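Below: one structure, written as structure tokens.
A note on names: the letters A, B, ... follow the listed sequences, proteins ahead of strands, and every chain is numbered from 1. What you are looking at is a predicted structure, and each value in this text was computed from that prediction instead of being measured.
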Amino acid sequence: MIDKTYQPSQVEGRIYQAWEKAGAFRAGRPERAGAKPYSIVIPPPNVTGSLHMGHALNSTLQDILARFERMRGRDVLWQPGTDHAGIATQMVVERQLMERQQPGRRKMGRAEFLKRVWAWKEESGGTIINQLKRLGASCDWSRERFTMDEGLSRAVLKVFVDLYREGLIYKDKRLVNWDPKLLTAISDLEVVQVETRGHLWHLRYPLEGKTFDPADPSTFIVVATTRPETMLGDTAVAVHPDDERYKKLVGQNVILPLVGRKIPIIADDYSDPEKGSGAVKITPAHDFNDFEVGKRHNLPQVNVLTVEAKITFADEAFAGQGGADFAETKKLEGTDRFAARKQIVARLEEKSLIDKIEPHGHVVPHGDRSNVVIEPFLTDQWYVNARELAKPAIAAVRDGKTTFIPKNWETTYFNWMENIQPWCISRQLWWGHQIPAWYGPDGKVFVALTETEAQAAAEKHYGKATPLTRDEDVLDTWFSSALWPFSTLGWPDRTPELSRFYPTSALVTGFDIIFFWVARMMMMGLYFMKEVPFQDVYIHRLVRDASGAKMSKSKGNVVDPLGVIDQYGADALRFTLARNVAPGHDIRLGPPDVENNRNFATKLWNAARFAEMNEAASVAGFDPKAAKETLNRWIAHETAKAAREITEAIESYKFSEAAGAAYRFVWNIYCDWYLELAKPVLLGADGAAKTETRAMMCWARDEILKILHPFMPFITEELWGVTAKRDALLAVSQWPKLEGLADDKADAEIGWVIDLVTAIRSVRAEMNINANIPLVLAGGSAASKTAERWAEFIKRLARVSEISSATSAPQGSVQLVVRGEVAALPLKGVIDLAAERARLDKEMAKADADIKRVDAKLSNEKFVANAKEEIVEEEKEKREEAAARKAKIAEALERLKGV
RNA sequence: GGGCGCGUAGCUCAGCGGAAGAGCACCUCCUUGACAUGGAGGGGGUCACAGGUUCGAUCCCUGUCGCGCCCACCA
């Protein structure tokens, strides 16, 4: 017995357990040994995170693909796992320590802190996995991996060591994006540019050998800056070589105010005469462009900031610096950069060294995690030669070995890859993969898989056993994620899984991590596996709230997928996401959408109940091709059509088309027409027809459960189980392969019935007729024969009292033209003749318009000459149809006159 | 500055060379024995604007106006 209502919360858990118990999601099931493999790796969520709508969308789409291909018989691996998320996780644990007023990480030390992080990972690591299960994700959980588990860590070390040995990883001292709050370097991608309204300070730098006079511009040069505090580290002033204003100053020196250092005026193309004053201060240690200028001109790099972005004078450039001015300046030691900015500006102002201050809008780099202003900072870091690794990654996409869907993301990919910069991979954090590099007493570096190997190398190098210290830094989280498609399959070991499931079939991910993740997987996959990591990359966008706003904790508009699942069921959420996903667009998610799809689930449930109440049950071995009843042949035809449509849509990643087609088929074809038309049969006396209809009803229902299963796995599995004794779970049953069911005759006949019923209903509603009314088929004997066959159906669905035929429509009746036949409703006295005439006039006008439009085309010689033959043929048919229709309407109007 | 995309029914969006579509909302009717989380019917759009290509343009091209997003840029 099917329950009266479907209650997702009471079903979903049980169903998921059944899948797991049956091992339905396991890759490499023996019976599929000969099957083609299909694999997807999940974008690993943060291990200590929880499921948000983005995950829900991402996972739903992957699950649709995984379940679809599984049902199509492929050996499916949906590889799950989680990411250690270096900075994010470390920040969470540090915040916890603070909240609990426990000692900070530095105080407790690395080992103890890491113990805490692992404890937190153990505690919360299962959350998101369970949440993915609640969504219905059919991952092979037996293969779950974690980026810091033993195997993956081994892969990370090997990749680092191999790339180092090939010269593709190297250590370099250059400017990095330094986060003064998190006290670590970060990569370019982790920097966000924030529009800021600031100021442009124009500073006067006195020329050497002249007495500074604020009233005499020949005694100084003006430089403009947005960061006055960096002036302490200036080592030159640059002007454009062609700038006539400054040409004669090149080669002279200025005396750096507040410091007293003598610095040269140099000529460099970098200086833009249009910007600021045309002369620019050069601070190689604190600006990326200046760093390059400094290298070209061999300028010293004077650092004036500590790692915490406080002023420091530790740089040797300040060592010999004397003078009262500098003595005063030295008091800034330890002052925060922004406080120092104010003080420096005030002092310059006192000395008339500020030329002017302009308001200035510009973008300022911020750390994406810390949200503080990033400082370009001169440090030793590890880099990956991304330019080199990008080459094959670019070629692979160009050659179509990997395809993006939608295709235009490839442009974005190329743009970035072709301008890729060295990837800074070292982080001054503790949570992550510690870099396998050891240093000798003289700073000599030994990179090796293990400390023992490093020791051995050191001994060889120094000629004796030498103590080494390990590099303290860890690797960027994305370094390990970049290996995900092969590290999860057991690499560097040559596992059977690796050869079977790599390259993976599809990757489904958000556009926001194309650079962070997709590009880097391409680089690493191609380098280490010599093959692309995935064939297709399906890129989706954001899930927004109902009003189109980005969901964010601070705005408080975050819709929790678990809450939606609790309220409406996982299927409703999944179906909503699938129906609304459109390539190139964000999704708006509002409660009405989810409700609508919950209603759809209810509809499906009740359709199944209907069959059960009519004693219909699946018939083993039932062959839809053998059906005799037109109605049944029709629904078989429609089912095959829908299945084909849905199959093709999923194959081409058109999720919303697939879901939409399923929705329309189930609701508007199967429920609205087939079940309604079946009612008279089920209540009738024809035993054979009844038997066949019952069987067909359940056959079609079973096909429906299959085609809906990738989208709505829970309710379909539940109905599958509850409607019949089955050999296997729906999740591992066979996807419909329906051939030989097309039936144009049945299609035409049922189409006529549907049109007739619809036309009658329309008239009834328009004319407000509640009572059952008679129907007269006029003219065509074919029509009356068809009507005779379908009399009961028409009577029931259109609420017709009796059906008769006549040579022409009775006087004063409403006359409908249905596919060229006239159907009359003798309603003399009931209807308003004027209204009926008006209705017919309107129809007539439409027919005339149709004819006119087609005639315009057909009488156009160029159209007939240029248009495709079948188009011209179509137009001619339209012409005929419209003309015939017009004639019938004209007759109808004529008959009306006689009343 | 470079790139990508979007402007179609009140709202959210499909369609993207041959007669304008869906869901929601709205209006009317219906407690008919699967379902009121339902059924039936209906109103509503010069497909942003201006040119062009074409026998034919919502769909292709160019421009304009709006609106997003990504990358680069701390003078």
Side-chain angles (χ1 to χ4, degrees), chain A residues 2 4-6 188 193 196 198 200-203 223-227 230 238 270-272 274-282 286-290 360 362-365 373-374 376 406 408-409 411-412 414-416 419 511-512 514-515 541-542 546 548 568 572 579-580 582 584-588 590 592-593 595-614 656-657 660 663-664 671-672 675-676 679 683 757-758 761-766 768 770 796-799 849-850 853-854 856-857 860-868 871-872 874-875 878 882:
Chain A
I2 304 179
K4 183 141 201 279
T5 52
Y6 173 63
D188 297 345
Q193 305 292 345
T196 310
L200 194 55
W201 285 273
H202 292 248
L203 315 181
V223 295
T225 180
T226 55
R227 292 185 301 162
T230 62
Y270 164 65
S271 181
D272 179 353
E274 306 290 312
K275 276 188 181 169
S277 64
V280 58
K281 61 194 268 316
I282 301 296
H286 295 290
D287 183 284
F288 287 100
N289 290 310
D290 293 5
H360 184 64
H362 60 138
V363 290
V364 178
V373 176
I374 292 302
N408 41 297
W409 285 111
T411 314
T412 307
F414 291 136
N415 281 344
W416 191 71
N419 298 297
F511 70 99
D512 50 336
I514 291 178
F515 305 144
R541 302 201 26 166
L542 294 178
Y568 299 104
R579 274 185 84 193
N580 289 33
H585 283 284
D586 293 341
I587 296 184
R588 287 196 193 194
D593 297 313
E595 258 169 52
N596 178 237
N597 292 308
R598 185 271 322 264
N599 295 353
F600 177 63
T602 306
K603 188 77 183 175
L604 175 69
W605 187 260
N606 283 308
R609 280 182 68 221
F610 174 77
E612 185 183 64
M613 290 166 89
N614 285 282
S656 80
E657 265 181 39
Y663 181 95
R664 283 189 302 274
C671 291
D672 286 352
L675 293 186
E676 292 304 325
K679 282 175 183 176
L683 295 171
V757 169
T758 305
R761 281 171 172 174
S762 181
V763 166
R764 298 179 60 104
E766 267 172 45
N768 249 319
N770 283 323
R796 182 187 178 94
L797 298 184
R799 297 185 59 199
D850 288 348
R853 185 163 8 81
V854 178
K857 278 193 181 183
N860 183 339
E861 284 169 31
K862 286 180 177 170
F863 170 73
V864 180
N866 293 325
K868 273 185 266 172
I871 299 291
V872 177
E874 243 171 65
E875 293 295 323
K878 278 183 204 163

Quiz item: Which one, G41(B), A34(B), G18(B), comes nearest to the side chain of R761(A)?
Solution: G41(B)
Quiz item: Which base sits across from A36(B) as a Watson-Crick or G-U pair, both distances under 3.5 Å?
Solution: none
Practice problem: For C27(B) versus G10(B), give the span between their C1' atoms, rounded off to a whole number of Å. | Solution: 14 Å
Quiz item: Considering only the C1' atoms, how many Å lie between G21(B) and U62(B), rounded to the nearest integer?
Solution: 29 Å
Exercise. Name the residue closer to the 5' end of RNA chain B, choosing between E875(A) and R227(A) according to the nucleotide with the nearest heavy atom.
Key: E875(A)
Quiz item: Taking the C1' atom of each, how far is C67(B) from C49(B), in whole Å?
Solution: 15 Å
Quiz item: In whole Å, what separates the C1' atom of A19(B) from that of C24(B)?
Solution: 27 Å
Practice problem: Quick one: label R853(A) by what it contacts on the DNA or RNA (base, sugar-phosphate, nothing), any heavy atom closer than 4.0 Å. | Solution: base
Self-check item: Shortest side-chain distance from A582(A), nucleotide among C24(B), C13(B), A19(B)
Solution: C13(B)
Practice problem: Give R588(A) one of three labels, base, sugar-phosphate or nothing, depending on what nucleic acid heavy atoms sit under 4.0 Å from its own. | Solution: sugar-phosphate
Quiz item: Base, sugar-phosphate, or nothing: which does E676(A) touch, judged by heavy atoms less than 4.0 Å apart?
Solution: base
Quiz item: Would K679(A) and E676(A) pass as an ion pair if we require N to O under 4.0 Å?
Solution: yes
Quiz prompt | Nucleotide of G42(B), G38(B), A34(B) approaching N599(A) most closely (side-chain heavy atoms) | solution = G38(B)
Quiz item: How long is the line joining NZ of K679(A) and C1' of G33(B), in whole Å?
Solution: 8 Å
Exercise. Quote, to the nearest angstrom, the P distance that separates G5(B) from G15(B).
Key: 14 Å
Quiz prompt | Along RNA chain B (nearest heavy atom to each residue), the more 5'-positioned of N770(A) and D586(A) | solution = D586(A)
Quiz item: Can you tell me how far P in U31(B) sits from the matching atom in G39(B), rounded to whole Å?
Solution: 16 Å
Practice problem: Hey, can you tell me if W605(A) and Y6(A) have their rings parallel, tilted or perpendicular (30° and 60° cut-offs)? | Solution: tilted
Quiz item: Among the nucleotides C73(B), G18(B), A19(B), which one has an atom lying closest to any side-chain atom of V363(A)?
Solution: C73(B)
Quiz item: Base, sugar-phosphate, or nothing: which does F288(A) touch, judged by heavy atoms less than 4.0 Å apart?
Solution: nothing
Quiz item: Given A75(B), C55(B), G41(B), which nucleotide is nearest the side-chain atoms of F863(A)?
Solution: C55(B)
Quiz prompt | Closest non-hydrogen atom pair between S277(A) and A224(A), with its separation | solution = OG-N, 4.0 Å
Quiz item: Under 4.0 angstrom, heavy atoms only, what part of the nucleic acid is D272(A) near: base, sugar-phosphate, or nothing?
Solution: base
Quiz prompt | Of the listed nucleotides G23(B), G5(B), C55(B), the one nearest the side chain of N408(A) | solution = G5(B)
Quiz item: Once you round it to whole Å, what is the distance between P of C24(B) and CZ of R598(A)?
Solution: 12 Å
Exercise. Assign D593(A) to base, sugar-phosphate, or nothing according to its heavy-atom contacts below 4.0 angstrom with the strands shown.
Key: nothing
Self-check item: Any N596(A) side-chain N or O less than 4.0 Å from OP1/OP2 of C24(B)
Solution: yes
Quiz prompt | Length of the CG-P vector between N866(A) and G18(B), whole Å | solution = 16 Å
